[in-house]
Amino acid sequence: MDNHDEVLKPMTFNDVVEVVKNLSTDEKREIQLLLQQYLREERRDEIYANFKTAQIEQQEGKLKFTSNINELKQSIEE
């Protein structure tokens, strides 16, 4: 059975760690930069999704605004 006939199995986290461990220093730095970029993009997407949810809730009258600290505490506890 040659490499073309093998069934590809997904890599586990440990497999990925081992591959990264064996990369050159420059390749590891590139991976680091890519991961930072991916994490920023994911966080940006999360913030945008939260913003869109808040917009919908505001349109539906589900949001309540107050500067009264006691009302804020109570709304957090609900």
Side-chain angles (χ1 to χ4, degrees):
M1 184 154 132
D2 65 13
N3 287 342
H4 299 293
D5 295 330
E6 288 183 32
V7 176
L8 295 178
K9 68 174 187 157
M11 293 180 75
T12 66
F13 180 78
N14 288 338
D15 294 336
V16 173
V17 169
E18 283 302 313
V19 169
V20 170
K21 229 166 84 172
N22 292 316
L23 293 175
S24 70
T25 301
D26 287 341
E27 290 169 323
K28 288 175 188 167
R29 285 190 183 114
E30 183 66 25
I31 292 287
Q32 180 182 27
L33 292 173
L34 288 170
L35 286 172
Q36 288 171 340
Q37 178 182 335
Y38 297 155
L39 290 168
R40 272 193 308 270
E41 290 170 1
E42 286 179 13
R43 181 65 181 135
R44 189 177 301 125
D45 290 344
E46 181 183 351
I47 291 168
Y48 182 72
N50 289 338
F51 165 73
K52 295 306 282 183
T53 299
Q55 273 189 322
I56 292 168
E57 289 176 356
Q58 181 183 17
Q59 291 169 354
E60 294 174 349
K62 293 180 179 177
L63 292 184
K64 182 178 176 184
F65 297 95
T66 184
S67 60
N68 180 314
I69 190 69
N70 293 325
E71 287 180 28
L72 289 171
K73 286 179 182 178
Q74 183 180 356
S75 70
I76 289 172
E77 292 172 359
E78 293 176 350

Is [Y] close to [X] at the side-chain level, that is, under 4.5 Å between some pair of heavy atoms?
| X | Y | result |
| --- | --- | --- |
| I69 | K73 | yes |
| E57 | T53 | yes |
| L35 | Q32 | no |

When you compare the side chains of Q37 and E41, does any donor N or O come within less than 3.5 Å of an acceptor on the partner?
yes
Which other residues end up in the same hydrophobic cluster as I56, if Ile, Leu, Val, Met, Phe, Trp and Tyr are linked when side-chain heavy atoms come under 4.5 Å apart?
none
Calculate, to the nearest 0.5 Å, the distance between atoms CZ and CD belonging to F51 and Q58 respectively.
9.0 Å
To the nearest 0.5 Å, how far apart are NZ in K28 and CG in D26?
10.5 Å
Identify each donor-acceptor pair in which a side-chain atom of residues 12-22 lies under 3.5 Å from a protein atom, sequence neighbours left out, and give them as a table.
unit_1, atom_1, unit_2, atom_2, d
T12, OG1, N14, N, 3.4
T12, OG1, D15, N, 3.1
T12, OG1, D15, OD1, 3.4
T12, OG1, D15, OD2, 3.2
D15, OD2, T12, N, 3.0
E18, OE2, K21, NZ, 3.4
N22, ND2, E18, O, 3.0

